Every structure is written in C-alpha cells, then in structure tokens.
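A, B, ... follow the sequence lines: proteins, then strands. Residue 1 opens every chain. Predicted model only: the values in this text are computed from it and were never measured. All values below come from the heavy atoms of this structure, side chains included, with hydrogens, waters and symmetry mates left out.
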Amino acid sequence: MAIKIPRGTQDILPDASPTWQWITEKARKICQLYRYEEIKTPMFESTDLFHRGVGETTDIVQKEMYTFKDRGDRSLTLRPEGTAPVVRSYVENKMHGWANQPVKLYYIGEMFRYERPQAGRTRQLTQFGVEAIGSDDPSLDAEVISLAMAFYKSFGLNKLKLVINSLGDLESRKAHREALIRHFEPSIHEFCSDCQNRLQKNPLRILDCKVDSEHPLMATAPSILDFLNETSKQHFEHVKEALDAMGIPYEVDATLVRGLDYYNHTTFEIMGADFGAITTLCGGGRYGGLVSELGGPEVSGIGFALSYERLLLALNAEQVQPEIENPLDCFIVAIGEAAEKKATELLYLLRQQGITADKDYMKRKTKGQFKQADRFGATTVAVLGDEELEKAIINVKNMETGEQQEVAINEFPQYVQKLVENRRDSHE
RNA sequence: GCGGCUGUGGCGAAGUGGUUAACGCACCGGAUUGUGGUUCCGGCAUUCGUGGGUUCGAGACCCAUCAGCCGCCCCA
C-alpha cells in the first residue's frame with residue numbers, strides 16, 4: 001500500500017500556497033510597522049523546557065507532546081508552542097542586557113501537538129506569534145493586542161470579537177484561588193472528574209469547564225476581578241483605557257482563563273464566527289514568572305500566538321481571497337525538434353529579462369500547446385516552427401486580440417519585453 | 001482519550017447481493033497534415049481506503065484496521 005501522509009498533517013499544494021505566502025507577508029509587514037523583529041528557534045527543544053515553561057498540569061504537557069530520545073539518549077520534544085522556546089532564547093542570549101528594551105520579537109513556524117484532528121486543529125500547525133519581553137508597562141499589553149487585531153483587519157476580516165480578562169498578579173491570584181477552593185470544595189463531588197482534579201492543582205480552570213458550565217455554583221463563583229489588588233486593578237484599567245483610546249472594541253470576560261500556567265495580569269482571546277465549534281483565532285497574555293523560571297531575571301513579557309490554519313477558516317468564512325497573482329507573459333509553442341531546441345534557448349533569454357515564460361514538455365500537438373497556453377492564461381504566445389526557423393523569425397500572437405505579428409528572432413526578447421511593459425503601464 | 005457520520009477514476013457523484021461499475025467536470029486525441037477559449041466524435045477505474053470473513057456470487061452484508069469530517073475534552 002502506498003505510504004500516506006501522517007495523521008493530522010497536510011500538504012499545502014500549489015493552489016493553496018499563495019494564500020500561505022500572503023499570510024506570511026502580512027505578518028512580516030505588520031511586525032515591521034510595530035517594530036518587532038524575527039526570531040527563529042529550533043523545531044525541537046529539551047523536553048524539560050516545556051515541563052518547566054508550559055506547566056505540568058497543562059493538557060499540552062500531559063498528553064500532547066511529541067517526545068523522543070535522540071541517539072545520545074537526550075529527551076527532546078517537538079515544540080508544542082512558541083513562547084517557552086523564545087523565552088529560553090531570551091535567557092540564553094542574555095537579551096535582558098540588550099540596549100533596546102523591551103525586546104520585541106516575532107516568530108513564524110510549525111508547532112506540534114498530538115491531538116485528535118478536526119477542522120482548525122491539526123497535529124502540525126503553523127503559528128505566527130509575538131513576544132515583548134522586559135517591560136510590564138500595560139500600554140505594551142495594549143500594543144500587542146492592537147497588533148493582533150490590526151493583523152486580522154488587514155485581511156478585511158470583520159467578524160472578530162476581542163475578549164479580555166485579568167488574572168491579576170501573584171498576590172491577587174493566590175487570594176482568588178483560596179476563595180475558589182472554599183467555594184467549590186463542599187460540593188466538588190457534584191462536578192466532573194476533571195474538575196475534581198483541578199480543585200487543588202488549578203481551581204481557576206474549573207471555570208473553564210464545559211461539562212459543568214450549568215452547575216449553579218458556576219454562576220456564583222468568586223470572580224477574579226473582585227480579588228485584584230490595587231496594582232493589578234490599575235494595570236487592567238490602563239490596558240482598557242489604551243484599547244478605548246485606539247477605538248478597539250472588547251468584552252471583559254471574567255471566566256477567560258488561558259490554558260497555560262505562566263499567565264498573569266492581562267489575558268485575551270480573539271474569536272471569529274461562523275465556522276464550527278472552534279472559534280478561537282488567537283490567544284495571548286502576559287506572563288510573569290516564566291523568564292525567571294527559565295533562569296532569567298525577574299522580568300515579565302506579553303505575547304500572543306495565532307495559527308494559519310484557523311485564520312484560513314476565518315478567511316473562508318468571510319470569503320476573502322489572496323491578492324497574489326502570477327501571470328504568464330509568454331508561452332512558446334514549438335513545432336518540431338529543431339524549434340523545440342531553439343525554444344529552450346529563447347525561454348532562458350526571456351527569463352533572464354524578468355519575463356515569466358514557459359513551454360510544453362509533454363510533446364503535445366500544436367493545438368494542445370495552445371490549449372495549455374490558454375489554461376496558463378498566457379498573454380502572448382510565440383510560435384516557432386520550421387517555417388519560422390527558415391526565415392529567422394518568430395510569430396508572436398496576442399492572446400486577447402488574436403492578432404499575430406512576425407518578429408525577427410534576434411529581436412524577439414526585446415519585443416516581448418516591450419509588450420510586457422506596455423501591458424503593465426496600461427494596467428496602472 | 002471518548003462518541004457519531006463517512007471512504008467508489010484527478011474532482012464531484014450513481015450504484016441497497018447477481019454477468020462488461022452509470023453520469024457530469026477535468027484531461028488526452030480526432031474533425032481543423034502548424035494556432036486557444038465554442039461545437040461534434042472518440043479515449044480515459046482489471047476495480048470500489050486497507051486486511052480478513054460470510055456467500056455459488058460482495059462496491060454493496062459482517063469483523064478488524066486506517067483515514068477524513070463533526071461533536072466532547074482542550075486549545076491556535
């Protein structure tokens with residue numbers, strides 16, 4: 001049996017790859033505007049990085065990692081997310097000592113999670129993410145959120161919803177955590193087994209549970225927003241004011257709890273609509289203890305990650321098409337062996353001049369070659385056969401008007417060049 | 001990891017146990033010995049995701065397995 005693509009992965013075929021290039025271009029462009037610089041980290045890291053950086057209690061670490069041993073008996077893991085590796089690099093390269101602070105980075109790359117695939121969820125996913133590390137200024141939170149929103153807007157997407165929340169600082173989180181345990185503990189046996197486990201490990205995530213969302217204790221659960229201390233409150237207020245000033249609408253959702261352990265203060269999610277159960281396009285937030293946890297100084301960062309796969313769902317739902325096209329300037333129809341050889345030479349000349357050019361490689365008849373040229377959307381076709389070779393000319397046909405012109409073969413490249421330039425001028 | 005649905009040529013899709021597996025699109029060839037987008041004619045699945053079983057006979061029924069989609073969980 002033929003070998004098939006691994007589960008949860010996909011080939012990006014030529015008809016889809018322009019869209020992928022388009023997304024990448026938009027991402028780079030927006031990062032350039034906001035002055036974030038690209039960082040590339042390895043596809044695999046020491047397994048410990050994710051245990052320490054992402055959190056032992058998270059689903060990612062507990063059941064979704066592609067972990068393997070290399071020949072030197074090192075435990076390595078294909079990266080399931082981008083923040084921990086970037087922070088590892090921040091610490092390893094002592095970026096906290098760089099002149100420009102905060103350090104503003106972005107990455108584009110593949111992530112790997114062992115999950116059950118469905119629409120918008122694959123085992124290899126492509127993420128664009130941003131990390132601004134070294135400042136706890138709340139206006140930086142707003143900048144990162146606005147970058148994400150501007151990115152989506154640049155595609156013309158409109159059905160977006162920004163949801164924000166604050167988890168507060170360590171002190172606030174601790175107080176809230178205790179209140180949650182007090183709230184749920186007496187009746188915890190009425191909750192699902194996941195929630196029973198969460199009670200001591202991470203009671204915050206009980207709020208996130210879909211199974212027990214109708215339980216009366218959910219509605220009356222203590223809200224993190226009531227436990228924010230003065231510092232945390234001010235931070236959150238500042239973020240909201242900055243968003244208001246930029247005219248970015250948002251909703252505050254006190255139950256928005258991000259899945260990874262390292263978040264504090266601001267968390268946010270951008271949701272799309274109209275494409276099935278999965279609506280989260282982008283998730284992010286501020287992380288406090290992560291840098292020091294990985295051996296760096298006590299600084300915090302803020303970032304987000306979003307996937308191409310889900311952006312694609314949103315683009316489909318709103319019927320957005322990429323702006324990329326690749327027109328064929330000239331197709332050479334060669335009739336006979338001698339002409340075929342000459343065509344190869346002429347193609348090379350055209351391409352050296354920046355003219356997109358192609359020919360037949362399937363030994364098609366003349367008619368078939370024209371059909372191919374038409375399918376490619378060639379704007380001109382050059383016909384070369386024995387008759388032309390004898391007279392040292394080539395017949396250049398305009399495929400829109402059907403007009404055909406004899407051109408001396410040694411003037412052919414310049415002639416096509418002129419046609420292409422005229423066409424470009426008239427289109428501008 | 002759990003539950004539901006699905007799997008026929010490059011694509012879409014008929015076929016609900018009986019001989020040579022409809023049809024549409026795409027593709028290739030011819031009508032037009034060297035000129036496209038229209039038309040007409042012809043060609044194009046030793047085989048129905050894979051493996052096994054039931055049967056005189058299986059694309060259809062059964063079992064297993066793989067994959068996809070949807071839902072749950074969770075997340076990007």
Do A:Phe50 and A:Thr58 come close enough that some side-chain heavy atom pair is under 4.5 Å? no

Does a side chain donor of either A:Tyr36 or A:Glu143 reach within less than 3.5 Å of an acceptor in the other side chain? yes

To the nearest Å, how far apart are A:Phe268 CZ and B:rA76 C1'? 12 Å

So if I define the base as every atom that isn't primed, P, OP1 or OP2, how would nucleotides 26-35 of chain B read as a B/S/- string at a heavy-atom cutoff under 4.0 Å? -SSSSB--BB

Rounded to whole Å, please give me the gap between CD in A:Glu269 and P in B:rA76. 7 Å

Knowing that exactly one of A:Ile270, A:Thr267, A:Leu243 qualifies, which makes a side chain to side chain contact (heavy atoms under 4.5 Å, CB included) with A:Ile164? A:Leu243

Specify the separation, in whole Å, of atom CD of A:Glu64 and atom P of B:rC74. 11 Å

Now, which nucleotide makes the Watson-Crick or G-U wobble pair with B:rA60, with each of the two distances under 3.5 Å? none

What's A:Gly336 touching, base or sugar-phosphate or nothing? Going by heavy atoms closer than 4.0 Å. nothing

How many whole angstroms separate atom CZ of A:Arg7 from atom C1' of B:rU50? 15 Å

Paired with B:rU32 by Watson-Crick or G-U wobble geometry, both distances under 3.5 Å: which nucleotide is it? none

Considering every strand and a 4.0 Å limit on heavy-atom distances, what is the contact class for A:Thr83: base, sugar-phosphate, or nothing? nothing

Please measure how far the C1' atom in B:rU20 lies from the corresponding atom in B:rG59, and state the result in whole Å. 16 Å

B:rA22 and B:rA45, which share atom name C1', separated by this distance in whole Å: 13 Å

Please write out the pairs of protein N or O atoms and N or O atoms of nucleotides 3-10 of chain B separated by less than 3.5 Å, giving the distance to one decimal.
| unit_1 | atom_1 | unit_2 | atom_2 | d |
| --- | --- | --- | --- | --- |
| B:rG3 | O6 | A:Arg116 | NH2 | 3.2 |

Applying a 3.5 Å limit to both distances, which nucleotide forms a Watson-Crick or G-U wobble pair with B:rG3? B:rC70

Partner nucleotide, any strand, of B:rC27 [Watson-Crick/G-U, under 3.5 Å]: B:rG43

Which whole number of Å gives the distance between the C1' atom of B:rA76 and that of B:rG37? 44 Å

How far, in whole Å, is B:rG36 from B:rU19 if one measures between their C1' atoms? 45 Å

Watson-Crick or G-U wobble mate for B:rU65, both contacts under 3.5 Å: B:rG49

A:His235: partners by ring-ring contact (aromatic ring centres under 6.0 Å, His included), with sequence neighbours left out: A:His265

Would you call A:Val420 and A:Thr379 a side-chain contact if the rule is heavy atoms closer than 4.5 Å? no

Whole-Å distance separating the CD1 atom of A:Ile60 from the P atom of B:rC75: 8 Å

On a plain distance test, is the side chain of A:Arg113 in donor-acceptor contact with the base of B:rC75 below 3.5 Å? no

Measuring from atom CG of A:Asn410 to atom CD1 of A:Ile393, what distance do you get when rounded to the nearest 0.5 angstrom? 12.0 Å

How is A:Glu115 classified with respect to the nucleic acid when contacts are heavy atoms under 4.0 Å: base, sugar-phosphate, or nothing? base

Among A:Arg364, A:Lys363, A:Lys359, whose salt bridge (charged side-chain N to carboxylate O under 4.0 Å, His left out) with A:Glu340 holds? A:Lys359

Is it the case that the side chain of A:Gln124 and the backbone of A:Gly8 share a donor-acceptor pair, with hydrogens and angles ignored and the cut-off at 3.5 Å? no

Say you pick atom P in B:rC25 and the same atom in B:rG7; how far apart are they, in whole Å? 24 Å

Would you verify whether the NZ or CZ of A:Arg173 falls within 45 degrees of the ring axis of A:Phe227 while also being under 6.0 Å from that six-membered ring's centre? no

Describe the nucleic acid contact of A:Gly8 in one word from base, sugar-phosphate, nothing, applying a heavy-atom distance below 4.0 Å. sugar-phosphate

P spacing across the pair B:rC62 / B:rG4, given as an integer number of angstrom: 15 Å

Exactly one candidate in A:Glu309, A:Glu115, A:Glu110 meets side chain to side chain contact (heavy atoms under 4.5 Å, CB included) with A:Leu125; the answer is A:Glu309

Inter-nucleotide P distance (B:rA13, B:rC72), Å rounded: 25 Å

For A:Glu56, does the CD atom sit with more than 12 other heavy atoms under 6.0 Å from it, leaving out its own atoms? yes

What is the pairing partner of B:rA14, taking Watson-Crick or G-U wobble pairs with both distances under 3.5 Å in any strand? none

Nearest-nucleotide check on RNA chain B, A:Ser307 vs A:Tyr114; residue mapping nearer the 5' end is A:Tyr114

Determine the interatomic distance between C1' on B:rG24 and the same-named atom on B:rC5; round to the nearest Å. 26 Å

B:rC74 C1' sits how many Å from A:Phe112 CZ, rounded? 20 Å

Nearest to the A:Asp374 side chain among B:rC73, B:rG36, B:rA67, which nucleotide is it? B:rG36

Over how many whole Å does the gap from A:Leu281 atom CG to B:rC74 atom C1' extend? 16 Å

Applying a 4.0 Å non-hydrogen cut-off, can you work out what A:Ala373 is touching in the nucleic acid: base, sugar-phosphate, or nothing? nothing

note: A:Arg121, atom CZ; B:rC73, atom C1'; distance rounded to Å ~ 8 Å

Aromatic ring proximity, centroids under 6.0 angstrom, A:Phe151 and A:Phe128: yes

